[in-house]
Amino acid sequence: FSKREYELRAKEIVARMRQEATPFRDDTEKAKKERIAHAKADRLWFFETYFPHYFNKPFGEFHKEWNSLADIADEPVFIAAPREHTKSTFFSLGVPVHDICCEGKHFVVLISDTEDLAADFAAFIQLELEENERIRQDFGDLTSQGHWESKDFTTRNGIRVKARGRGQRVRGLRNRQYRVDRIIIDDLENDKNVKNPRLIKEAIDWILEAVINTLAEGGSMTMVGTLLSKKSVLAQMIGMKEEASSPIPPPEGEKCP
């Protein structure tokens, strides 16, 4: 987004938020503790409850699968889905905000085609923390009084979110004593670079050598996108993952068990 486009989009979201995500009527400590406990235990419930301006229809089975895949530890996950399947809303907005509110991770890195695009995703996370009255009611003010730049910010409860572009350095990043424990790669490719074999190879090498290896033990990495080409980065990463997980065929003449 340009600055003007972001402002218009943010204004639209805030208007919906104020109409649909109004404060909970039951503001007792007991009700608040119950909601927080439910939110920590059930991320999809968190989405429905705190993001009604985004998640206003029943979840599909694929959303439930995504919810499980998002927290697979120590193993990269690659997900392809058509446009209009709420991939970015789910992974680049919902999952990080849940991590922040429920303190599920210490350091989230959002990666996209460019740093500015990744920063746009981060800006919408900030918008929820700033304007969502339900989140503020139950989880308090999570905005930082210090540096609040969308490309790199740390919330009041100590969780860092950093935007990175394709090919940028990710090794060695830390949030205090914590290494990166959540990586989300979203919209890494566009209609132009997906046609360039050299750029595709460079991106694959970068993911394999730099991105995956920067993840802390027990951390989760998810790459999501739309398949723009059979030779795209996402298509090839899915192919590699499927090949690596395929059972080794038995020697010739022997039967599979």
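- Contacts of Glu7 classified as side chain to side chain contact (heavy atoms under 4.5 Å, CB included), with partners at least two apart in sequence or in another chain: Lys3, Arg4.
- At a threshold of 4.5 Å between side-chain heavy atoms, the hydrophobic network of Ile, Leu, Val, Met, Phe, Trp and Tyr places Val211 and Tyr178 in two separate groups.
- Under the rule for a salt bridge (charged side-chain N to carboxylate O under 4.0 Å, His left out), the partners of Lys64 that lie at least two apart in sequence or sit in another chain are Glu61.
- With sequence neighbours excluded, the residues that form a side chain to side chain contact (heavy atoms under 4.5 Å, CB included) with Thr28 are Asp26, Lys30, Ala31.
- Annotation: salt bridge (Lys or Arg N to Asp or Glu O under 4.0 Å) contacts involving residues 167-179, sequence neighbours excluded, are absent.
- For the pair Ile184 and Pro96, the minimum side-chain heavy-atom distance is below 4.5 Å.
- Looking at residues two or more places apart in sequence or on another chain, you find a salt bridge (charged side-chain N to carboxylate O under 4.0 Å, His left out) between Lys32 and Glu29.
- With sequence neighbours excluded, no residue forms a ring-ring contact (aromatic ring centres under 6.0 Å, His included) with Phe121.
- In this view, Phe47 and Phe55, Phe90 satisfy the ring-ring contact (aromatic ring centres under 6.0 Å, His included) rule, not counting sequence neighbours.
- Residues Ile183 and Thr214 form a side-chain contact, since some pair of their non-hydrogen atoms from C-beta on lies under 4.5 Å apart.
- Evaluation of the salt bridge (charged side-chain N to carboxylate O under 4.0 Å, His left out) rule for Asp71 yields Arg43, Arg182 as partners, not counting sequence neighbours.
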Salt bridge (charged side-chain N to carboxylate O under 4.0 Å, His left out) assessment of Arg9 paired with Glu12:
CA-CA 5 Å; Arg9 177 67 173 151; Glu12 174 192 337; 3.2 Å; yes

Worked check of side-chain contact (heavy atoms from CB on, under 4.5 Å) between Val233 and Ile207
CA-CA 10 Å; Val233 174; Ile207 291 172; 3.8 Å; yes

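- Between Gln137 and Arg35 the shortest side-chain heavy-atom distance falls below 4.5 Å.
- Residues Asp191 and Leu228 are in side-chain contact: their nearest non-hydrogen atoms beyond the backbone lie under 4.5 Å apart.
- Qualifying side chain to side chain contact (heavy atoms under 4.5 Å, CB included) partners for Leu127, counting only residues two or more places apart in sequence or in other chains: Tyr6, Ala10, Ile13, Val14, Phe124, Glu130, Glu131.
- Between Glu202 and Arg166 there is no salt bridge, since no side-chain N of the basic residue sits under 4.0 Å from a carboxylate O of the acidic one.
- Using a 4.5 Å heavy-atom threshold, the side chains of Arg134 and Thr22 count as touching.
- The only option from Thr226, Leu227, Ile238, Ile204 that meets the side-chain contact (heavy atoms from CB on, under 4.5 Å) definition with Ser232 turns out to be Leu227.
- Every salt bridge (charged side-chain N to carboxylate O under 4.0 Å, His left out) that Lys151 has, sequence neighbours left out, goes to Glu115, Asp116.
- Neither Leu117 nor Leu8 shares a network with the other; the hydrophobic side chains, linked directly or stepwise wherever heavy atoms of I, L, V, M, F, W or Y lie under 4.5 Å apart, form separate groups for each.
- Counted by atom type alone, His63 and Thr86 present one or more donor-acceptor pairs between their side chains at under 3.5 Å.
- Criterion: ILVMFWY side-chain heavy atoms under 4.5 Å apart, direct or through other members. Under it, Leu93 and Phe153 are part of a common hydrophobic cluster.
- Inspection of the His106 and Asn175 side chains reveals no N or O donor paired with an N or O acceptor under 3.5 Å.
- Under the side-chain hydrogen bond (donor to acceptor under 3.5 Å, both in side chains) criterion, Thr143 pairs with Asp141, not counting sequence neighbours.
- The salt bridge (Lys or Arg N to Asp or Glu O under 4.0 Å) pairs that include a residue from residues 205-218 are Lys201-Asp205, where partners are two or more places apart or lie in different chains.
- The residue from Val108, Thr155, Ile100, Asp152 that alone fulfils the side-chain contact (heavy atoms from CB on, under 4.5 Å) condition with Arg160 is Asp152.
- Contact annotation: the side chain of Tyr50 never approaches that of Glu128 to less than 4.5 Å [non-hydrogen atoms, C-beta and beyond].
- Between Lys87 and Ile79, every side-chain heavy-atom pair lies at or beyond the 4.5 Å cut-off.
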The test is side-chain contact (heavy atoms from CB on, under 4.5 Å); show your working for Met221 and Ile185 and say whether it passes.
CA-CA 8 Å; Met221 175 191 143; Ile185 306 177; 3.6 Å; yes

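- No continuous path of hydrophobic side-chain contacts links Val194 to Leu234 [ILVMFWY only; heavy atoms under 4.5 Å].
- No side-chain heavy atom of Phe139 sits less than 4.5 Å from a side-chain heavy atom of Asn157.
- Note that the CG atom of Asp113 and the CG atom of Asn190 stand 4.5 Å from one another [nearest 0.5 Å].
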